[in-house]
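Everything below concerns the one structure shown next.
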Amino acid sequence: MMNLKPLPRRVWGAMRRRKITVAIAAWGLLVAILAFTAPSVTVAEQSPLARALPVVNEASTLAVSALSNDGEAFTVGALVFDGDCSITLVRSGHRYTRSITAHVDSAEVAPTAHRLAKTLKKKYPLVKGGTDKRPRYSAIVDEYVALELSTDDNTVTWKSETGCRPDSDTTAVLQPPFNHPAEAATAMDLLGVISPSWTIGEVSCLGDGGTVARTAWATGRLPDDADADIAAVVERLPGDAIVRVAKEKHVSYLWQGRSLTVSLTGRVVTASATQACPSA
């Protein structure tokens, strides 16, 4: 009978390590193959961008209608490309967002946020976070759209994001034709800004009337020899304007049914005029 000697302990250890290495490599290969061949790696990918956009639009509609009813000064953001993102380790994507921003006195930031959140909670399961002075609300809703209500020194912002979608799933960000509002154009003239760029954001109001809330922005740079402030605009505010924010580099006010905002970041000026929804 052949006398078999047991393998040395170091040989068994080497064999075990080799098996583990082979198993890990095989698992990694399987994951990579599935990532490229499976029809869906995550549940969110089953929801195309075309189904997410109506959810984003409805969230924006509810916000502008609530802010219009409360008589707030606000701006409507355009639907914008918000950068690249990763769906999985091997799949890239991108996201789109729209922001609705209320411009309020610092003492009114928290009350405005809570009041808006109370209205939006009728539709969305918002979860409260942040602090008492700087509250934050968020939720993930239908079609994996991410909603967030955030606050800053003089702003309350409602942001609707499509979530990360595959690179192959895109949408054109269109700019409808519009007239440049006189108030925003005048502000740029007063500050010496030449040939500002213009953009627009709009969303439907509640109801079947076909009305929209619309903001037109002018953006440009102060002349090199101009003071870095917006005093020229503040000094010429209409006497019957209802001022919501009055700071050295940010003024927001209501006048003749419109929200007007002028702000300065560095030497870049942004002036906007918003037509709100009809009050309910």
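Computed over heavy atoms, backbone and side chain alike; hydrogens, waters and symmetry mates excluded.
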For [X] versus [Y], what's the shortest heavy-atom pair and its separation?
| X | Y | result |
| --- | --- | --- |
| G163 | R95 | O-CB, 3.6 Å |
| R214 | I200 | CD-CD1, 3.2 Å |
| A110 | K133 | CB-O, 3.9 Å |
| V56 | S160 | CG1-CB, 3.7 Å |
| D70 | R115 | OD2-NE, 3.5 Å |
| W255 | P238 | NE1-CB, 3.4 Å |

Any non-hydrogen side-chain atom of [X] less than 4.5 Å from a side-chain atom of [Y]?
| X | Y | result |
| --- | --- | --- |
| P278 | T211 | yes |
| L191 | L222 | yes |
| I140 | V145 | no |
| V251 | Y253 | yes |
| P125 | V141 | yes |
| T157 | D152 | no |
| L264 | H250 | no |
| N154 | H103 | no |

[X] side chain to [Y] backbone, donor-acceptor under 3.5 Å:
| X | Y | answer |
| --- | --- | --- |
| R267 | G220 | no |
| T265 | V268 | no |
| D229 | A231 | yes |
| T155 | T151 | no |
| T215 | T75 | no |
| T61 | S204 | yes |
| R236 | A232 | yes |
| T162 | Y96 | yes |
| W158 | A59 | yes |

Does this structure show an ion pair linking [X] with [Y], if we count only N-O contacts that are shorter than 4.0 Å?
| X | Y | answer |
| --- | --- | --- |
| K159 | D82 | yes |
| D105 | K247 | no |
| R98 | E161 | no |

Once rounded to the nearest 0.5 Å, what's the spacing between atom [atom1] of [X] and atom [atom2] of [Y]?
| X | Y | atom1 | atom2 | result |
| --- | --- | --- | --- | --- |
| E235 | I230 | CD | CD1 | 11.0 Å |
| N69 | C205 | CG | SG | 9.5 Å |
| M188 | I194 | CE | CD1 | 11.5 Å |
| K128 | R136 | NZ | CZ | 11.5 Å |
| K249 | S263 | NZ | OG | 11.0 Å |

Checklist entry - Can T112 and H114 be said to form a side chain to side chain donor-acceptor pair (under 3.5 Å), step by step? => result CA-CA 6 Å; T112 301; H114 292 315; over 6 Å; no
Indicate if [X] and [Y] have the same hydrophobic cluster label, given that clusters are the connected sets of ILVMFWY residues with side-chain heavy-atom separations under 4.5 angstrom.
| X | Y | result |
| --- | --- | --- |
| V64 | W217 | no |
| V243 | L260 | yes |
| V234 | V193 | yes |
| V104 | L237 | no |
| L62 | I100 | yes |

Next on the checklist: Could you go through S259 and T274, starting from their C-alpha distance and side-chain angles, then the distance that decides it, and tell me whether this counts as side chain to side chain donor-acceptor pair (under 3.5 Å)?
Outcome noted: CA-CA 5 Å; S259 304; T274 302; 5.1 Å; no
Next on the checklist: I'd like to know whether T97 forms a side-chain contact (heavy atoms from CB on, under 4.5 Å) with V80, so could you lay out the CA-CA distance, the side-chain angles of the two residues, the decisive distance to 0.1 Å, and finally the verdict.
Outcome noted: CA-CA 6 Å; T97 63; V80 296; 3.6 Å; yes
Item to check | Heavy-atom neighbours of K123 NZ exceed 12 at 6.0 Å | outcome: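 At most 12 heavy atoms, drawn from other residues, nucleotides or ligands, come within 6.0 Å of this atom.
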Next on the checklist: Within the supplied structure, the quantity of interest is the number of heavy atoms (other residues, nucleotides, ligands) at a distance under 6.0 Å from D240 CG; does it exceed 12?
Outcome noted: yes
Next on the checklist: Could you walk me through whether Y137 and K118 satisfy the side-chain contact (heavy atoms from CB on, under 4.5 Å) test, starting with their C-alpha distance in whole Å, then the side-chain angles of each, then the deciding distance to 0.1 Å, before giving a yes or no?
Outcome noted: CA-CA 10 Å; Y137 293 86; K118 183 178 180 180; over 6 Å; no
Item to check | Test side-chain contact (heavy atoms from CB on, under 4.5 Å) applied to V262 and T270, step by step | outcome: CA-CA 6 Å; V262 181; T270 300; over 6 Å; no
Item to check | Mutual orientation of the aromatic rings belonging to W198 and H180 [parallel < 30°, tilted 30-60°, perpendicular > 60°] | outcome: parallel
Item to check | Working for side-chain contact (heavy atoms from CB on, under 4.5 Å), residues V269 and R221 | outcome: CA-CA 6 Å; V269 182; R221 187 173 179 82; over 6 Å; no
